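Take a look at the structure set out below.
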There are 2 protein chains.
Amino acid sequence: MIKELKENYGFLFEDELLNDINNVGTFKEVPEGFTLINLGDYIKSMPLLVSGAIKILREDEKGDELLLYFIERGDTCAMTLSCCMGQKKSEIIAIAETTTKLIMIPVEKMSEWMCKYKSWQNFILQSYHDRMTELLEAIDSIAFLKMNDRVFKYLKDKAMVNHNDVITVTHQDIAFDLHSSRVVISRLLKTLENEGKIELHRNSIKILDL
Amino acid sequence: MIKELKENYGFLFEDELLNDINNVGTFKEVPEGFTLINLGDYIKSMPLLVSGAIKILREDEKGDELLLYFIERGDTCAMTLSCCMGQKKSEIIAIAETTTKLIMIPVEKMSEWMCKYKSWQNFILQSYHDRMTELLEAIDSIAFLKMNDRVFKYLKDKAMVNHNDVITVTHQDIAFDLHSSRVVISRLLKTLENEGKIELHRNSIKILDL
DNA sequence: AAAACTATGTAACAATTGTTACTTAGTGCG
DNA sequence: CGCACTAAGTAACAATTGTTACATAGTTTT
């Protein structure tokens with residue numbers, strides 16, 4: 001049995017399902033920055049996260065990007081789910097935020113287990129709900145927040161998934177993720193620093209007000 | 001058998017499932033402007049649209065609103081789906097855009113049929129996928145488009161679901177849906193009129209460039 | 001018809017965000 | 001050390017969006 005499987009999903013799934021997952025799933029470990037899914041990729045397997053974190057981005061025709069949310073251990077990627085169904089192309093990009101371990105499940109098992117295991121059905125529907133909620137939160141941020149609050153929220157979220165109040169990031173990185181420009185981000189970060197909420201360093205930012 | 005059922009969902013579902021829907025579903029007709037779901041409502045049944053259209057809005061703590069998308073006949077509301085599962089509160093508002101006919105299905109049938117009918121499972125998963133895609137498109141609009149393009153897209157979408165190139169709407173209505181202010185919308189509409197894309201009238205707008 | 005209400009037009013100005021351009025500081029490397 | 005490169009600070013200005021205030025026009029009520 002894959003070591004991390006029982007410990008991450010044992011409380012959710014019965015032993016029989018855990019065995020099924022163990023038999024058909026393949027273990028995978030990817031380094032920080034690894035591109036798991038690219039725009040337009042066809043998806044043939046769905047990932048179950050056992051450790052680390054993945055950031056999910058939206059990209060438009062012009063190549064402009066926007067961070068949607070992070071997924072962490074115990075989560076799966078609902079986009080993958082819906083893409084799997086109709087063998088559709090991915091509408092998002094997935095990049096490892098940290099070193100990440102995952103178990104890949106072949107698509108066809110997904111709907112098979114849906115009938116076989118009530119716990120799997122719940123897991124899939126719950127995942128859809130969680131991802132939907134995160135998309136709504138992403139919308140809240142873009143639609144209702146000003147850029148300074150978005151930057152601060154971004155820093156806190158990033159500190160959260162990295163389990164560290166010092167995050168390694170450049171102003172340019174933040175600008176890409178928030179679909180803004182480096183100069184704007186630098187300006188707002190400086191204000192946040194003056195307000196005593198963060199500490200700026202080269203290539204890193206410490207969040208004080210967590 | 002509910003008349004509109006077979007004609008709207010006959011190509012999707014087998015007769016046995018249509019019968020089940022007919023037996024447990026209740027037919028409902030609501031007028032334009034009717035609030036189907038309010039923020040925080042507990043949802044006990046899911047709607048299958050047979051005619052008309054519903055607009056789905058997000059609202060923040062301050063009461064600011066934002067139009068997410070429209071759903072039309074043949075669709076169901078995926079938010080409802082995910083809310084149903086865990087008896088969770090609604091995170092969105094649903095208002096009838098036109099007179100709308102729907103069939104309400106009790107929650108517990110949803111997961112029961114998931115195993116019983118493969119076509120129902122596909123329908124539910126496809127619905128999640130569709131709604132996810134529409135949330136992503138909503139994000140594209142807010143994140144990547146300027147307000148003038150958002151206004152024009154809004155008008156075209158609204159003309160689409162109303163099956164009419166003349167839409168009945170005030171500038172203030174548009175401002176609410178796009179989370180902007182009336183003056184901004186009036187200004188941009190006037191520009192669109194000067195560009196020959198629309199015609200402005202009191203309480204209505206005609207879209208020329210459809 | 002006068003009054004009250006609602007919708008729209010528009011000007012002037014403020015706030016936010018984006019852009020360009022240049023400077024300064026840290027880092028890596030021959 | 002000198003050079004190249006990357007990150008960050010900052011000023012000046014432009015574009016977009018939001019706000020306030022008021023005028024005008026159509027509609028409804030009395």
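These numbers come from a predicted model, not from an experiment. So you know, we letter chains A, B, ... as the sequences are listed, proteins then strands, and number each from 1.
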What is the distance, rounded to the nearest whole Å, between atom [atom1] of [X] and atom [atom2] of [N]?
X: B:Lys146; N: C:dT16; atom1: NZ; atom2: C1'; result: 13 Å
X: A:Ile185; N: D:dA8; atom1: CD1; atom2: P; result: 12 Å
X: A:Asp173; N: D:dA8; atom1: CG; atom2: C1'; result: 13 Å
X: A:Ile205; N: D:dA8; atom1: CD1; atom2: C1'; result: 11 Å
X: B:Phe144; N: C:dT17; atom1: CZ; atom2: P; result: 17 Å
X: B:His179; N: D:dT19; atom1: NE2; atom2: P; result: 9 Å
X: A:Gln172; N: C:dG18; atom1: CD; atom2: P; result: 13 Å
X: A:Asp64; N: C:dG18; atom1: CG; atom2: P; result: 11 Å

Per B:Val184 side chain, nearest of listed nucleotides C:dT10, C:dT19, D:dT17: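 Selected nucleotide (nearest to the side chain): D:dT17.
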Basic-acidic side-chain contact under 4.0 Å: A:Lys55, A:Asp177: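 The answer is yes: the pair qualifies as a salt bridge.
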Pairwise 5' ranking along DNA chain D for B:Asn148 and A:Glu193, keeping only the more 5' one: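 Upstream on the strand: A:Glu193.
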Closest-nucleotide ordering on DNA chain D, the 5'-leading residue of A:Arg202 and B:Met147: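 Comparing both residues, the 5'-ward one is A:Arg202.
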N/O donor-acceptor pair, side chain A:Arg187 with base C:dT17, under 3.5 angstrom: no
Side-chain-base donor-acceptor pair under 3.5 Å for A:Arg182 and C:dG18: no
Between CD1 on residue A:Ile92 and CZ on residue A:Arg131, distance to nearest 0.5 Å: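 Taking CD1 in A:Ile92 and CZ in A:Arg131, the distance rounds to 11.0 Å.
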A:His171 side chain near D:dT6 phosphate (N/O to OP1/OP2, under 4.0 Å):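 Checking A:His171 against D:dT6: no side-chain N or O falls below 4.0 Å of OP1 or OP2.
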A:Ser180 vs C:dG18: side-chain N/O to OP1/OP2 distance below 4.0 Å: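 The answer is yes; a side-chain N or O of A:Ser180 sits under 4.0 Å from OP1 or OP2.
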Heavy-atom donor-acceptor pair, A:Asn162 side chain to A:Asn164 backbone, under 3.5 Å: no
Side-chain donor/acceptor of A:Asp75 to backbone N/O of A:Ile71, under 3.5 Å: no
Sugar-phosphate, base or nothing in reach of A:Ser181, heavy atoms under 4.0 Å: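 Answer is base: heavy atoms of A:Ser181 come under 4.0 Å of a base.
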side-chain contact (heavy atoms from CB on, under 4.5 Å) between B:Glu4 and B:Phe27, worked out: CA-CA 10 Å; B:Glu4 291 91 343; B:Phe27 186 77; 3.7 Å; yes
Earlier contact from the 5' end, DNA chain C, for A:Asn203 and B:Thr170: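 Its nearest nucleotide lies further toward 5', so the answer is B:Thr170.
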